[in-house]
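Along the sequence shown, residues are numbered consecutively beginning with 1.
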Amino acid sequence: MSDEPQPQQPNEGWAPGEPQAAQDEGGAKPERPRRTGWRRLVPTWRVVLGACVIVVLLAAGGFFLGYQLVKIPPANALATQQANVYLYADGSVIARDGEVNRENVTLDQISEDARYAILAAEDRDFYTESAVDPKAMLRAAWNTALGKGKQSGSTITQQYVKNYYLRQEQTVTRKVKEFFIAIKLDREQSKDKILEGYLNTSFFGRNAYGIQAAAQAYYGMDAKDLDAGRAAYLAALVNAPSQYDVVAHPENRRAAEARWNYVLDGMVTKGWLSRSERAGMKFPMPKETTISTGLSGQRGYIVRIVQDYLVQNEIVDEASLDAGGYRITTTLHKDKQDAFVKAVDDQLMSKLDKKNRKVDTYVRAGGAAIDPKTGEVVAMYNGIDYVKQYTPNATRRDFQVGSTFKPFVFTAAVEHGSRTQDGRPITPNTIYDGTNKRPVQGWSGGSYAPENEDQVSYGDVTVREATDKSVNSVYAQMAVDVGSDKVKETAIDLGLPATTPELYPSPSIALGVAQASVLDMAEAYATLANHGKHGTYTMIKKITKDGKETVELPERRTRQAVSREAADTTTAVLRSVVQNGTATAAQAAGRPAAGKTGTAEEDTAAWFAGYTPDLATVVSVMGQDPVTAAHKSLYGAMGLDRVNGGGAPAEIWAQFTRDALEGEPVADFDLRIQAGADQPQAPATEPSGTPGTDDPAEGDAATGGDTGDTPGGETPDRTPDQSGGDTPGTADGGTTGGPATGGTPPEGGAADTGGTADGGTTDDPATGGTPPEGGATGTGGTTGTTTGTGAQNASRRQ
């Protein structure tokens, strides 16, 4: 081998070129060879590492910046909107108001099966995973790109953020916000709270937002009652609400059942459902038609009346009601409510011929029933349909109550121990003069001579008989004997509002010129049924807000409005009306009953107000033009000459009462009657006070003169100082202790002057005398009896 150095072979990849530079004396490394060809396109490990570091830094910075900048916003408007839910006393739904059908509930008001079904369908690892799932998001994006349909890849937390805080648009900006809000929310709220929010905001189809509304919409039940099968179907709906509604789209049932099975299998996998229970399940077909939650029929009336009740009694203010979220359980009984509607349909609406009788188009009906012992309103009738006739007939105050007011006059008489003009106590057996157009005695406001129905004169008649036959002349006189101011006070004590239109103290008060509502009258009659004990009516049993907050209701207080003797004696008289009088149709109820008929001026309304020991109900049939809303007479309605309280109103009352109390024990009245009520109270020579006799209480002489009512009879007699008519004639008697001075009534005969009486009762029309308990010195003479035409017509009501 030669000692000469051998040439070195080039290394692999080496190319001829410049000689390799030797290291300099300073030990510097030689330059690296340049990359050529395709290798120039491949980044070195240093570049890769550097890029990764930069990406990580940018991502971390972006995440930090995004986390700082994106705040949890307030809830969007749609997510906070709720319906108010109105319920019958048994918990069944009456109606929901508001555009959004949502009722928020707490997690413990949702069945465990329903919670697990939702988790199995949407996010099985919800309680163990983080708020976001990057892998699921990437997988969903990849599947979407491959044309497998849009997939969210979102956790329940992200879906809740989208539903509650953001909008539904598919944009990058929204997804970024959703990402960061979900992370923040997961740190600030518990998993249970997030799941509760998700269950209350998810859309299930059928305009149902939230699982409570969905449970009602598809199965007519509350979320707390959902079993695994029904819950799994609702959970399946979240994925495709419109497609999986097998009632609306029966062609999609196979797909819906596949999704349903997927949910149930997931529940088994997670241990939330046993295999044996799963094996026996059949697909729970949702209802084709559920309880209507709209405002048609009686529902709209009920919602409106309850809302007014809540606002007027300062239980919930109007703004809060508009915001929604209240679950309002009323005192109404569904079976009784249905019975009321059926009774009106059977006894009234089915007998109308609107095509051939124009008057039948005027017919309206209103009714209300109250439990006398509790004051709870258990049923109402307001009209044929809220979307057709908006005015609730049970609460309107624009029709005269007619002779249904007369019992209040007698109650006041017993309560105050009142006496007739000649000093006899007023009892059911007190005899009055029932002559038609008999001038009322003892009234200082002018002559008032009411007509009886059909111009009938009854002569001497007891109070009981006068009530049976609804004799106007007797009750107008009794109102003066008692004092019309006391009658008004008693009516208010029994339950009529002090603000009742036309509730004025005058003789005409007895004939029912007041315009109380059906519900007002039911409250007053319920007081009579409850032995004179009164408590304001109530329509609400319970109110909750957002499924948890209980709204405090005012305490119901009762008091003895009138004595038991006064109330019970009135009941005894009203029982006779049903047994022998104008209300015999009420006997069809098949129970002991008391009541009174009534007819408004010109037959614009007919009433029956009655009660058993268990139920007080008032029914009114009213006439109103459907176009102008003007009151109309009901002459000829249903093919009858006229409509009166003993007809359709009493017949409706009887059918409703019979059906409403079906199955309940028949109770009789337990009455404590006024002392001496069974004793005859006949006048000495005249049935009542005589013309020219002073009112013992007022001390003023009765006079003749015009009442000043509007001719034609449209407007009933008012309080004299409001009549606007002629000034009453000069009194036929002076002030207390003075001599009597004569006066000439405007259109009556001359009033003869009588001498000063030293005592006794004035029995002779031509002889003056001192009233029974003092007062002005009266005079004899002929008293003018002419009254305005309107006053005469106003008295023609039964």
Is any side-chain heavy atom of Met539 closer than 4.5 Å to one of Met380?
yes
Ignoring hydrogens and angles, tell me if any N or O in the side chain of Asn382 forms a donor-acceptor pair with the backbone of Ala394 under 3.5 Å.
yes
Between OH of Tyr448 and OG of Ser508, what distance do you get to the nearest 0.5 Å?
5.0 Å
For Leu494, does its backbone N or O pair with a side-chain atom of Glu523 as donor and acceptor, under 3.5 Å?
no
OG1 of Thr499 to CZ of Arg397, rounded to nearest 0.5 Å, is 5.5 Å
Under the side-chain contact (heavy atoms from CB on, under 4.5 Å) criterion, do Ile509 and Leu503 qualify, and how do the steps go?
CA-CA 7 Å; Ile509 194 174; Leu503 184 61; 4.0 Å; yes
Going by distance alone, is a donor N or O of one side chain under 3.5 Å from an acceptor N or O of the other, for Lys469 and Asn452?
no
Starting at NZ of Lys437, measure out to OG of Ser457 and round the result to the nearest 0.5 Å.
9.5 Å
Kindly compute the distance separating CG (Leu615) from CD1 (Ile370), expressed to the nearest 0.5 Å.
9.5 Å
So does Ser517 get a backbone contact from the side chain of Arg396, meaning a donor-acceptor N/O pair under 3.5 Å?
no
Quick one: do the Asn429 and Thr427 side chains pair a donor with an acceptor below 3.5 Å?
no
Single hit among Val401, Asp520, Val518, Thr404 for side-chain contact (heavy atoms from CB on, under 4.5 Å) with Val618:
Val518
Shortest non-hydrogen contact from Asn644 toward Pro649:
O-CD, 3.5 Å
Looking at side-chain heavy atoms only, is the closest gap between Phe608 and Ile652 below 4.5 Å?
no
Please give me the minimum heavy-atom distance between Ala479 and Ala510, naming the atom from each residue.
CB-CB, 3.9 Å
Counting only N and O atoms by type, is there a donor-acceptor contact under 3.5 Å from the side chain of Thr604 to the main-chain atoms of Glu601?
yes
Quick one: sort the Phe340 and Phe656 rings into parallel, tilted or perpendicular, breaks at 30° and 60°.
parallel
With rounding to the nearest 0.5 Å, note down the distance linking CG in Asp668 to CZ in Arg575.
5.0 Å
Is it the case that more than 12 heavy atoms not belonging to Asp641 sit under 6.0 Å from its CG atom?
no
I'd like to check Thr462 versus Thr430 (side-chain heavy atoms, cut-off strictly below 4.5 Å). Are they in contact?
no
CE (Met478) and OG1 (Thr467) are apart, to the nearest 0.5 Å, by 6.0 Å
Is there a side-chain contact (heavy atoms from CB on, under 4.5 Å) between Ile431 and Val461? Walk through the geometry before answering.
CA-CA 5 Å; Ile431 294 177; Val461 62; over 6 Å; no
How far apart are the closest heavy atoms of Glu451 and Asn472, and which atoms are they?
O-ND2, 2.8 Å
Looking at every heavy atom in both Arg419 and Pro425, which two are closest together, and how far apart are they?
NH1-CD, 3.4 Å
Using modelled atom types only, decide if a donor and an acceptor are shared between the side chain of Thr558 and the backbone of Gly535 within a distance under 3.5 Å.
no
Are Tyr381 and Asn393 side-chain neighbours, meaning at least one heavy-atom pair lies under 4.5 Å?
no
For Thr411 and Thr490, run side chain to side chain donor-acceptor pair (under 3.5 Å): C-alpha distance rounded to whole Å, both residues' side-chain angles, the deciding distance at 0.1 Å, then the answer.
CA-CA 8 Å; Thr411 303; Thr490 297; over 6 Å; no
From CA spacing to verdict: side-chain contact (heavy atoms from CB on, under 4.5 Å), Met521, Lys596:
CA-CA 11 Å; Met521 294 298 287; Lys596 183 69 186 75; over 6 Å; no
side-chain contact (heavy atoms from CB on, under 4.5 Å) between Val463 and Tyr432, intermediate numbers included
CA-CA 7 Å; Val463 169; Tyr432 271 89; 3.8 Å; yes
Ignoring hydrogens and geometry, is there a side-chain-to-backbone donor-acceptor pair from Asn530 to Lys373 under 3.5 Å?
no
Heavy-atom check, side chain of Ser506 versus side chain of Trp443, under 4.5 Å
yes
Any donor-acceptor N/O pair, Asn313 side chain to Tyr309 backbone, under 3.5 Å
yes
With no hydrogens and no angle check, just 3.5 Å: does a side-chain donor-acceptor pair link Gln560 and His531?
no
Do Leu528 and Tyr611 touch side chain to side chain, with heavy atoms closer than 4.5 Å?
yes
Electrostatic pair Lys488:Asp493 at N-O distance under 4.0 angstrom
no
Taking Gln477 for the side chain and Arg438 for the main chain, is one N or O donor matched with an acceptor at less than 3.5 Å?
no
Do Ser403 and Ser470 meet the criterion of a side-chain donor-acceptor pair at a distance under 3.5 Å?
yes
Can a donor-acceptor pair be found between the side chains of Gln455 and Asn436 at a distance below 3.5 Å?
yes
Is Asp614 reaching over with its side chain to a backbone N or O of Leu661, donor-acceptor style, under 3.5 angstrom?
no
Considering only heavy atoms from C-beta outward, does the side chain of Phe410 approach that of Pro428 to under 4.5 Å?
yes
Starting from the C-alpha separation in whole Å, work towards a yes-or-no answer on salt bridge (charged side-chain N to carboxylate O under 4.0 Å, His left out) for Asp603 and Lys632.
CA-CA 8 Å; Asp603 203 38; Lys632 290 290 186 178; over 6 Å; no
Please say whether more than 12 non-hydrogen atoms of neighbouring residues, nucleotides or ligands are located less than 6.0 Å from CZ in Arg557.
no
For a quick check under 3.5 Å, do Asp481 and Ser418 share a side-chain donor-acceptor pair by atom type?
no
Over all heavy atoms of both residues, which pair between Ala605 and Trp607 is shortest? Give the atoms and the distance, please.
CB-NE1, 3.7 Å
Check: Gln674/Arg564 side-chain N/O donor and acceptor closer than 3.5 Å
no
Derivation and outcome, salt bridge (charged side-chain N to carboxylate O under 4.0 Å, His left out), residues Asp454 and Arg642
CA-CA 12 Å; Asp454 297 331; Arg642 63 184 175 190; 3.0 Å; yes
Proximity of Phe408 and Tyr525 rings by center, below 6.0 Å:
yes
Please find the pair of heavy atoms, one from Glu651 and one from Ala585, that lie closest to each other, and give the distance.
CG-CB, 4.1 Å
Quick check: does any side chain N or O of Thr500 sit under 3.5 Å from a backbone N or O of Leu496, one acting as donor and the other as acceptor?
no
Residues Glu376 and Thr538: side-chain donor-acceptor under 3.5 angstrom:
no
